[in-house]
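This structure is a prediction, so every number in the text was calculated from the model and none was measured.
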Amino acid sequence: RTLGLIRMKLWRILLLEFVVVLAGVLAAQFLANWYQERKDRERAAEVRKQLVESMHDARELGEMRAIMAVCLMDRLTDIRLYGEKPAPKNHPVTFTPPPTIGLGSIGLDAESRQMIRKYYGIGDLMALQQIETATIRANEVIKTEDDAWTTLTLLSKKKDNPKYEVPVEA
């Protein structure tokens with residue numbers, strides 16, 4: 001009988017030790033997961049903040065380009081009007097090609113997409129993707145414009161001068 005009680009106590013001690021070790025492992029795993037989740041959430045907030053800042057920068061540059069476009073269109077109209085005939089002496093047409101201002105990129109990589117979707121939802125992700133697509137298209141248009149200005153500059157008689165000058169009446 002005494003031997004049976006000793007065996008029973010031994011099993012209870014082993015079972016208790018197993019439960020304590022298991023509880024410790026589970027608690028450690030829970031804390032590690034909680035810490036990683038918190039770290040991921042903080043990183044997602046930082047990535048989102050950077051994306052929103054990039055988006056605002058791109059918007060400001062886009063607004064600048066829209067303002068520049070009005071002036072550029074006026075100058076192009078002058079150049080087009082005097083393209084077939086010389087410009088009058090009192091109204092010479094000169095033009096310096098505008099500086100190239102790209103809109104940059106909001107930098108939405110695969111990891112950023114996953115974090116934004118997980119912590120902010122599909123709506124935020126879709127909005128940022130639309131802005132990214134619009135920025136890429138705008139940069140393509142800017143590149144096309146820049147190529148056109150380069151061509152116009154090459155057509156100028158003064159190759160060493162970046163200004164485009166329409167011939168003046170004699």
I'd like to know whether [atom1] of [X] has more than 12 heavy-atom contacts from other residues, nucleotides or ligands below 6.0 angstrom.
{"X": "R113", "atom1": "CZ", "value": "yes"}
{"X": "E17", "atom1": "CD", "value": "no"}
{"X": "Q114", "atom1": "CD", "value": "no"}

Let me confirm one number: the [atom1]-[atom2] distance from [X] to [Y], rounded to the nearest 0.5 Å.
{"X": "W34", "Y": "K39", "atom1": "CH2", "atom2": "NZ", "answer": "12.5 Å"}
{"X": "L15", "Y": "R12", "atom1": "CG", "atom2": "CZ", "answer": "10.0 Å"}
{"X": "I6", "Y": "M8", "atom1": "CD1", "atom2": "CE", "answer": "13.0 Å"}
{"X": "R48", "Y": "R43", "atom1": "CZ", "atom2": "CZ", "answer": "15.5 Å"}
{"X": "I116", "Y": "I122", "atom1": "CD1", "atom2": "CD1", "answer": "11.5 Å"}
{"X": "I67", "Y": "E63", "atom1": "CD1", "atom2": "CD", "answer": "7.0 Å"}

- Task: Could you give me the CA-CA distance, side-chain angles and deciding distance for R137 and E132, then say whether salt bridge (Lys or Arg N to Asp or Glu O under 4.0 Å) is met?
- Result: CA-CA 9 Å; R137 288 185 181 145; E132 180 184 41; over 6 Å; no
- Item | Among V141, D147, N139, the one residue meeting side chain to side chain contact (heavy atoms under 4.5 Å, CB included) with K143 |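 Answer after filtering V141, D147, N139: D147.
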- Message: F18 and side chain to side chain contact (heavy atoms under 4.5 Å, CB included): which single residue from L14, L22, L16, V21 fits?
- Response: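 Output: one option passes, namely L22.
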- Message: Show, in sequence, the C-alpha distance, side-chain angles and deciding distance for Y119 and D124, and conclude whether the side-chain contact (heavy atoms from CB on, under 4.5 Å) test is met.
- Response: CA-CA 10 Å; Y119 295 108; D124 274 18; over 6 Å; no
- Task: For the pair N33 and Q29, evaluate side chain to side chain donor-acceptor pair (under 3.5 Å) and give the outcome as yes or no after the intermediate values.
- Result: CA-CA 6 Å; N33 288 344; Q29 186 64 40; 3.1 Å; yes
- Kindly determine whether V52 and H56 satisfy side-chain contact (heavy atoms from CB on, under 4.5 Å), including the steps that lead there. CA-CA 6 Å; V52 169; H56 286 294; 3.5 Å; yes
- Message: Checking I13 now: which residues fulfil side-chain contact (heavy atoms from CB on, under 4.5 Å) with it, not counting sequence neighbours?
- Response: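 Per chain and number, I13 pairs via side-chain contact (heavy atoms from CB on, under 4.5 Å) with no residue.
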